[in-house]
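Here is the structure we will look at, set down as structure tokens.
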Amino acid sequence: MTISYDDFLKVDIRVGTIVAAEPFPEARKPAYKLTVDFGPEIGTKRSSAQITKHYTLDELVGRQVLAVVNFPPKRIGPFTSEVLCLGLPDAEDAVVLIAPTQPVPNGGRLY
């Protein structure tokens with residue numbers, strides 16, 4: 001299926017820095033609760049991420065990630081996920097986060 005550039009622009013993908021990472025023991029699949037700073041325009045948002053195979057809580061803080069910031073909030077058990085952090089599956093289907101290769105300002109939009 002082909003989409004137009006205008007369709008692509010409807011998905012607001014921004015860069016943010018993880019400022020807090022916590023365990024999420026209530027999740028059905030192993031996951032973390034992330035707090036991500038997207039800069040002054042968007043602010044700080046929370047996300048649930050199934051990234052426990054490749055990342056520890058300590059190494060996540062300070063890491064930049066890409067996330068969709070204009071999906072509606074999604075309730076995951078007792079937690080509300082406000083953004084979708086983006087990743088790709090490795091050979092065993094575990095998530096590898098997508099991130100810039102150089103530091104960039106929080107809130108920058110993917111284009």
(message) Test of understanding: with side chain to side chain contact (heavy atoms under 4.5 Å, CB included), list the residues that count as partners of Thr101, not counting sequence neighbours.
(response) none
(message) Checking Ala94 now: which residues fulfil side chain to side chain contact (heavy atoms under 4.5 Å, CB included) with it, not counting sequence neighbours?
(response) Lys53, His54, Asp90
(request) Just grab all the salt bridge (Lys or Arg N to Asp or Glu O under 4.0 Å) pairs involving residues 55-64, residues at least two apart or on different chains. (result) none
(message) Show every salt bridge (Lys or Arg N to Asp or Glu O under 4.0 Å) that has at least one partner inside residues 98-107, sequence neighbours left out.
(response) none
(request) Report yes or no: do Ile18 and Leu110 belong to one cluster of Ile/Leu/Val/Met/Phe/Trp/Tyr joined by side chain heavy-atom distances under 4.5 Å? (result) no
(request) Go through the structure and list residues passing side-chain hydrogen bond (donor to acceptor under 3.5 Å, both in side chains) with Gln102, not counting sequence neighbours. (result) none
Of all heavy-atom pairs between [X] and [Y], which one has the smallest distance, and what is that distance?
{"X": "Thr52", "Y": "Ala31", "value": "CG2-N, 3.7 Å"}
{"X": "Phe38", "Y": "Arg14", "value": "CE2-O, 3.8 Å"}
{"X": "Tyr32", "Y": "Leu60", "value": "CD1-CD1, 3.5 Å"}
{"X": "Leu97", "Y": "Tyr55", "value": "N-OH, 2.9 Å"}
{"X": "Leu34", "Y": "Ala49", "value": "CD1-CB, 3.8 Å"}

(request) Report yes if some heavy atom in the side chain of Val96 is under 4.5 Å from a heavy atom in the side chain of Pro89; otherwise report no. (result) no
(message) Quick check against the 3.5 Å criterion: does Tyr111 have a side-chain atom that pairs as donor or acceptor with the backbone of Leu9?
(response) no
(request) First locate atom CZ of Phe24, then atom CD of Gln50, and finally report the distance between them rounded to the nearest 0.5 Å. (result) 9.5 Å
Donor-acceptor contacts under 3.5 Å from residues 64-88 side chains, at least two apart:
{"from": "Gln64", "atom 1": "OE1", "to": "Val104", "atom 2": "N", "distance (Å)": "3.2"}
{"from": "Gln64", "atom 1": "NE2", "to": "Val104", "atom 2": "O", "distance (Å)": "2.7"}
{"from": "Gln64", "atom 1": "NE2", "to": "Asn106", "atom 2": "OD1", "distance (Å)": "3.2"}
{"from": "Asn70", "atom 1": "OD1", "to": "Asp12", "atom 2": "N", "distance (Å)": "3.0"}
{"from": "Asn70", "atom 1": "ND2", "to": "Lys10", "atom 2": "O", "distance (Å)": "2.6"}
{"from": "Arg75", "atom 1": "NE", "to": "Gly77", "atom 2": "O", "distance (Å)": "3.3"}
{"from": "Arg75", "atom 1": "NH1", "to": "Thr80", "atom 2": "OG1", "distance (Å)": "2.9"}
{"from": "Ser81", "atom 1": "OG", "to": "Ser48", "atom 2": "N", "distance (Å)": "3.2"}
{"from": "Ser81", "atom 1": "OG", "to": "Val83", "atom 2": "O", "distance (Å)": "3.3"}
{"from": "Glu82", "atom 1": "OE1", "to": "Arg46", "atom 2": "N", "distance (Å)": "2.7"}

